[in-house]
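The sequence lines fix the lettering, A, B, ..., with proteins before strands; numbering per chain opens at 1.
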There are 2 protein chains.
Amino acid sequence: MAKLMTEMLKGTLEGIVLAILTEKPAYGYEITARLRDEGFTEIAEGTIYALLVRIEQKGLVDIEKRPSEKGPPRKVFTLNASGHTYLEEFWTAWTFLSGRLNHLRND
Amino acid sequence: MAKLMTEMLKGTLEGIVLAILTEKPAYGYEITARLRDEGFTEIAEGTIYALLVRIEQKGLVDIEKRPSEKGPPRKVFTLNASGHTYLEEFWTAWTFLSGRLNHLRND
DNA sequence: ACTAGTACATAGTAACGTTAAGTACCGAAT
DNA sequence: ATTCGGTACTTAACGTTACTATGTACTAGT
């Protein structure tokens with residue numbers, strides 16, 4: 001099932017991370033931990049950092065560097081206006097897809 | 001939203017087509033029509049044919065050629081045992097992902 | 001002949017998530 | 001003093017997916 005989840009996450013993992021950022025700003029390492037709490041136990045750190053680069057390049061987040069007492073400086077991501085719009089569209093698409101799939105399932 | 005749907009479909013379109021095949025065997029052109037009926041109006045024919053090649057190579061379907069009165073011979077796809085197993089795992093993964101996302105949404 | 005509908009095929013592309021390896025900073029244990 | 005584990009970020013190479021664009025081919029109607 002791991003392989004299936006991998007492919008299924010394509011296009012949704014981004015929305016998942018953005019959704020996490022709506023709660024409060026967070027940095028990469030924190031986000032990976034948050035994902036594990038949410039049940040996504042098999043997502044590697046590298047996956048998240050690569051994804052964060054992408055959403056940064058798309059201009060969906062603002063970035064601020066803050067020192068850490070326990071390690072290297074943190075890169076804190078905050079969802080900006082563009083990111084909120086994007087997330088809304090993500091939920092719209094998700095609602096549509098979810099509806100279609102549940103309809104297909106009931107046969 | 002079109003771009004978002006495109007990315008979101010990755011990993012799920014395959015399951016959608018397999019789900020359609022559980023109802024009854026079907027050929028490519030028929031499946032694209034069925035998808036339009038299901039609300040997926042923006043999926044091109046080429047996309048489906050390429051996908052059908054993949055699920056064939058994965059051994060999830062059996063294939064039979066039948067003549068058509070209205071055009072070239074049809075290639076009818078039937079979900080086999082391996083395909084049914086695969087689809088079950090797909091639904092399992094989907095249920096998990098769906099649950100996680102809905103949980104994230106309620107904040 | 002021409003068109004429209006039916007039916008399938010495929011090379012090239014962009015985007016995504018994964019893998020694997022690396023850097024760097026800190027505190028505590030050995 | 002050094003090793004070890006936890007914290008924190010980076011990136012190149014890779015496999016898979018869906019999309020685009022284009023092509024072939026068969027039939028019936030005009």
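Nearest approach of G15(A) to L87(A), heavy atoms of both residues: O-CD1, 3.7 Å. Here the closest non-hydrogen pair linking F40(B) and L97(A) is CE2-CD1, 4.0 Å. Heavy atoms only, all atoms of each residue included: E56(A) and V61(A) are closest at CA-CG2, 3.8 Å. Closest heavy-atom contact between L60(B) and S82(B): CD2-OG, 3.7 Å. Among all heavy-atom pairs drawn from G59(B) and N80(B), the shortest one is O-ND2, 3.1 Å.
Looking at residues two or more places apart in sequence or on another chain, you find a side-chain contact (heavy atoms from CB on, under 4.5 Å) between Y49(B) and Y29(B), E45(B), L52(B). T95(A) meets the side-chain contact (heavy atoms from CB on, under 4.5 Å) test with R105(B); sequence neighbours excluded. Annotation: salt bridge (charged side-chain N to carboxylate O under 4.0 Å, His left out) contacts of R100(B) (sequence neighbours excluded): none. The salt bridge (charged side-chain N to carboxylate O under 4.0 Å, His left out) test applied to K3(B) returns no partner, not counting sequence neighbours.
In this structure, CE of M5(A) is placed 18 Å from P of dT16(D), rounded to the nearest angstrom. Atom CD of E14(B) is separated from atom P of dC19(D) by 13 Å (rounded to the nearest Å). Separating the CD atom of Q57(A) from the P atom of dT10(D) is a distance of 12 Å, rounded to the nearest angstrom. Between the C1' atom of dC19(D) and the CG atom of L4(B) lies a distance of 15 Å, rounded to the nearest Å.
A stem is defined here as three or more consecutive Watson-Crick or G-U pairs, each with both distances under 3.5 Å; for DNA chain D these stems are C:1-30 with D:1-30.
A heavy atom closer than 4.0 Å to some atom of DNA chain D occurs in no member of residues 34-44 of chain A. Near DNA chain D, defined here as any heavy-atom distance below 4.0 Å, the residues from residues 45-55 of chain B are G46(B), T47(B), L51(B), R54(B), listed numerically. Contacts with DNA chain D (heavy atom under 4.0 Å) in residues 20-29 of chain A: Y27(A), G28(A), Y29(A), listed by number. DNA chain C lies under 4.0 Å from at least one heavy atom of each of the following residues of residues 61-92 of chain A: E69(A), G71(A), P72(A).
W91(B) is listed as a side-chain neighbour of L101(A), based on a closest heavy-atom distance under 4.5 Å. Using a 4.5 Å heavy-atom cutoff, the side chains of T47(A) and T32(A) are not in contact.
Nucleotides of DNA chain C lying under 4.0 Å from heavy atoms of chain B occupy a range whose first and last members, 5' to 3', are dG5(C) to dC16(C).
Within 6.0 Å of NE2 in H84(A) there are more than 12 heavy atoms belonging to other residues, nucleotides or ligands. Atom CD of E42(A) is surrounded by 12 or fewer heavy atoms from other residues, nucleotides or ligands within 6.0 Å.
Across I48(A), L21(A), V17(A), I20(A), a single residue satisfies side chain to side chain contact (heavy atoms under 4.5 Å, CB included) together with R34(A), and that is I20(A).
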Let me have the donor-acceptor pairs involving side chains of residues 5-13 of chain B, under 3.5 Å, with sequence neighbours excluded, atom names and distances please.
from: T6(B); atom 1: OG1; to: A2(B); atom 2: O; distance (Å): 3.1
from: E7(B); atom 1: OE1; to: K10(B); atom 2: NZ; distance (Å): 3.0
from: T12(B); atom 1: OG1; to: L9(B); atom 2: O; distance (Å): 3.0

Check residues 64-78 of chain A and write down every donor-acceptor pair under 3.5 Å in which the side-chain atom is one partner and the other belongs to a residue at least two apart or another chain.
from: E64(A); atom 1: OE1; to: R66(A); atom 2: NH2; distance (Å): 3.2
from: S68(A); atom 1: OG; to: K70(A); atom 2: N; distance (Å): 3.1
from: S68(A); atom 1: OG; to: G71(A); atom 2: N; distance (Å): 3.4
from: R74(A); atom 1: NE; to: Y27(A); atom 2: OH; distance (Å): 3.3
from: R74(A); atom 1: NH2; to: Y27(A); atom 2: OH; distance (Å): 3.2

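With rounding to the nearest 0.5 Å, the separation of CG in L35(B) from CG in L104(A) is 8.0 Å.
A donor and an acceptor atom sit less than 3.5 Å apart, one in the side chain of K10(A) and one in the base of dT16(D).
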(request) Take Y86(A) and I55(A) through the side chain to side chain contact (heavy atoms under 4.5 Å, CB included) test and state the conclusion after the steps. (result) CA-CA 10 Å; Y86(A) 188 91; I55(A) 67 175; over 6 Å; no

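Listed pair K58(B) / dT17(D) meets the phosphate criterion, a side-chain N or O lying under 4.0 Å from OP1 or OP2.
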